[in-house]
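Here is the structure we will look at, set down as structure tokens.
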Amino acid sequence: MHDIRLLRDQLDHLREGMRRRGKLAEFGPLLDRAESLEKERRAAITELEGQQARRNKLTQEVAQLRKAGGDATALIAEGRAIGDDIAALEQRKNDAEAAVQAMLYELPNITLPEVPEGDETRNTVVKSWGTPREDSTGIMPHWEKGAELGILDLQRGAKVTGSGFIVYRGAGAKLVRALMNMMLDAHTEEHGYEEAWVPLVVNRASMTGTGQLPKFEDDMYGIPEEELFLIPTAEVPVTNLYRDEILELGDLPKGLCAYSACFRREAGSAGKDTRGLLRVHQFDKVALVRYATPENSREQLELLTSHAESMLERLELPYRRLLLAAGDTGFSSAMTYDLEVFAPAVGKWLEVSSCSVFTDFQARRANIRYRPAPGEKPRFVHTLNGSALAFSRIIASLIEHHQQPDGSVRIPDALQPYFGRAVLR
RNA sequence: GGAUAGGUGGCCGAGUGGUUGAAGGCACCGGUCUCGAAAACCGGCGUACCGGCAACGGUACCGUGAGUUCGAAUCUCACCCUGUCCGCCA
């Protein structure tokens with residue numbers, strides 16, 4: 001969410017931000033309406049507060065008059081009239097305020113200057129690691145190989161819940177555990193993160209704090225009776241840990257990591273892009289969250305991304321890092337790197353991580369602040385997060401990229417201590 | 001789920017209809033003292049918003065929302081949360 005003051009003195013900045021995302025047509029009219037509503041809001045406040053001041057004064061007069069034993073009937077009648085006026089003005093103010101607020105909630109973040117303008121065709125590969133297997137001859141797609149190895153049971157997952165809900169079995173289930181432990185150990189022991197184990201269900205305020213709501217309610221699984229939502233990522237509960245709190249400067253930067261199941265409705269899509277593990281409704285992920293000062297949040301993004309990349313290097317999966325163009329950058333994000341691994345049988349690069357700096361966009365929504373120095377005014381922190389990593393596509397890539405000519409799947413060295421064996425066959 | 005107590009400023013805590021933004025304490029900031037520190041003493045110290053170039057003026061905020069009233073931290077109702085006891089349960 002943006003500072004409401006931007007509507008007054010930096011409307012051009014907002015407009016330019018929307019243009020860079022290619023969304024000026026969509027948001028330009030909204031900005032104009034928001035600007036005039038903001039004016040209306042202020043006018044209503046000014047008038048309202050004037051009447052409130054009148055009432056406060058009158059109220060004192062009534063008290064004094066009563067004390068002196070006088071008759072306050074006339075003053076009380078006047079007060080009643082002011083009260084009616086105040087109620088109407090309050091309504092006017094609330095209406096304008098709610099309307100402006102609703103618009104601000106709809107507006108995506110402004111991307112950093114270094115983020116390229118335009119849509120996803122402007123995404124740029126800024127780094128590559130390892131050599132993808134271009135020749136897919138003899139490599140079975142992960143859904144076939146997974147079934148053959150007895151580690152993936154897509155049919156029964158569909159039966160038990162529905163399509164897009166995966167059952168891992170035997171060594172497959174253990175593979176999930178191994179990935180979880182390998183990643184969490186690395187982040188806590190080598191990268192300095194505190195591990196958290198969080199609820200998979202959160203309330204509306206938390207979903208609003210990180211930017212999923214109100215705009216993307218349709219993408220969420222919800223429990224309407226309780227006004228609760230299944231988390232699409234551990235970013236939501238972890239970032240909201242410090243909602244409405246003031247952090248100490250000495251605590252920053254602060255990093256938390258958490259494993260969680262993630263739930264996404266992914267409405268609409270079905271077809272070859274969603275085969276096997278490519279796009280599912282529930283998947284496993286280790287998430288990284290960082291809280292930083294505005295001064296160093298940009299460099300914290302590099303650090304965070306490097307932590308995610310190190311997971312791919314341990315798994316010996318070739319990857320590339322994309323700097324997303326403004327139009328492809330997520331709603332709350334100011335700058336995002338995507339990490340993609342190559343799945344040779346699918347013949348595609350798969351997004352397995354997304355690392356973002358949100359500047360103060362989430363912090364303002366969630367009211368997460370820090371005190372720059374004792375006695376100074378609190379400021380909003382900058383939040384960051386990244387997946388490190390999302391498992392399902394990693395498993396897909398692992399099964400395909402590490403598939404051997406004899407049909408077995410090699411387990412990378414770094415994973416073996418956690419998985420307990422060197423090969424899947 | 002039932003019963004019961006309670007939610008006040010960064011923290012603790014007083015306050016039950018009218019100069020209460022709110023006593024007192026802690027913490028914090030400045031000063032005196034000291035070689036320096038501690039202690040002691042003196043002073044300062046909430047947040048947000050509106051108007052104003054500013055000085056400053058005004059308004060709101062005592063869990064949340066609605067209500068009663070000329071006037072609500074204080075009264076009424078609903079909801080949320082926390083503690084305690086009972087019940088149930090992995």
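Letters go in sequence order (proteins before strands), and every chain restarts at 1.
Judged by Watson-Crick or G-U wobble contacts below 3.5 Å, the nucleotide rC56(B) has rG51(B) as its partner. The nucleotide rG71(B) finds no pairing partner, because no Watson-Crick or G-U wobble arrangement with both distances shorter than 3.5 Å includes it. Across all strands shown, nothing is found opposite rC35(B) as a Watson-Crick or G-U wobble partner with both distances under 3.5 Å. Of the nucleotides present, none pairs with rG9(B) by Watson-Crick or G-U wobble criteria with both distances under 3.5 Å. rU64(B) is paired with rA78(B) under the Watson-Crick or G-U wobble criterion, all donor-acceptor distances under 3.5 Å. In this structure, rA22(B) makes no Watson-Crick or G-U wobble pair, since no nucleotide meets both defining distances under 3.5 angstrom. Of the nucleotides present, rU4(B) is the one that pairs with rG83(B) by Watson-Crick or G-U wobble criteria, both distances under 3.5 Å. Base-pair partner of rA27(B): not found among the strands shown (Watson-Crick or G-U wobble, both distances under 3.5 Å).
No side-chain heavy atom of Y319(A) sits less than 4.5 Å from a side-chain heavy atom of V352(A). In this structure, the side chains of M311(A) and H187(A) come closer than 4.5 Å at one or more pairs of heavy atoms. At least one side-chain heavy atom of E148(A) sits less than 4.5 Å from a side-chain heavy atom of K145(A).
Atom NZ in K93(A) sits roughly 13 Å away from atom P in rG51(B) (whole-Å rounding). To the nearest angstrom, C1' of rC28(B) lies 16 Å from CG of L249(A). Distance E227(A) CD to rC79(B) P: 15 Å, rounded to the nearest Å. Going from atom CZ of R41(A) over to atom C1' of rC49(B) covers 7 Å, rounded to whole Å. Atom CG of D84(A) and atom P of rU68(B) are 11 Å apart (whole Å). A straight line from CD of Q64(A) to P of rG71(B) spans 17 Å, rounded to a whole angstrom. Distance Y370(A) OH to rG10(B) C1': 18 Å, rounded to the nearest Å. Between E40(A) atom CD and rC50(B) atom P the separation is 14 Å, expressed in whole Å.
Looking at heavy-atom distances under 4.0 Å, R8(A) makes contact with sugar-phosphate atoms alone, never a base.
Ring-plane geometry between F263(A) and Y221(A) is classed as perpendicular, the angle between the planes exceeding 60 degrees on a 0 to 90 degree scale with a lower cut at 30. In this structure, F361(A) and F331(A) have perpendicular ring planes: the angle between them is above 60°, well past the 30° mark. Under the 30°/60° scheme for interplanar angles, the aromatic rings of H191(A) and Y193(A) are found to stand perpendicular.
Taking atom P in both rU84(B) and rG25(B), one finds a spacing of 32 Å when rounded to whole Å. Rounded to whole Å, the separation between the P atoms of rG51(B) and rA39(B) comes to 45 Å. Nucleotides rG18(B) and rA40(B) place their P atoms 37 Å apart, quoted to the nearest Å. Using C1' as the reference atom, rC33(B) and rU47(B) are 35 Å apart when rounded to the nearest Å. To the nearest whole angstrom, the two C1' atoms, one in rA73(B) and one in rG30(B), are 32 Å apart. A distance of about 42 Å separates the P atoms of rC88(B) and rU16(B), rounded to the whole Å. Comparing the C1' positions of rU68(B) and rU76(B) gives a spacing of 7 Å, expressed to the nearest Å. Taking the C1' atoms as reference points, rU32(B) lies 27 Å from rG10(B), given to the whole Å.
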Checklist entry - Given Y291(A) and H382(A), is the ring-ring contact (aromatic ring centres under 6.0 Å, His included) satisfied, shown in steps? => result CA-CA 6 Å; Y291(A) 300 85; H382(A) 279 196; over 10 Å; no
Checklist entry - When you look at I231(A) and S260(A), which way does the side chain to side chain contact (heavy atoms under 4.5 Å, CB included) test go after all the steps? => result CA-CA 9 Å; I231(A) 59 173; S260(A) 86; 3.6 Å; yes
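Along RNA chain B, the nucleotide nearest R369(A) and the nucleotide nearest V62(A) are compared for position; the residue whose nucleotide lies closer to the 5' end is R369(A). Checking I4(A) against G79(A), the closest nucleotide of RNA chain B that is more toward the 5' end is the one next to I4(A).
R421(A) approaches R425(A) most closely through the heavy-atom pair NH2-N, 4.1 Å.
Below the 3.5 angstrom threshold, one finds a donor paired with an acceptor across the side chain of R66(A) and the base of rG18(B).
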Checklist entry - What string of B, S and - do you get for nucleotides 56-65 of chain B 5' to 3' if you count protein non-hydrogen atoms under 4.0 Å? => result --BBS-----
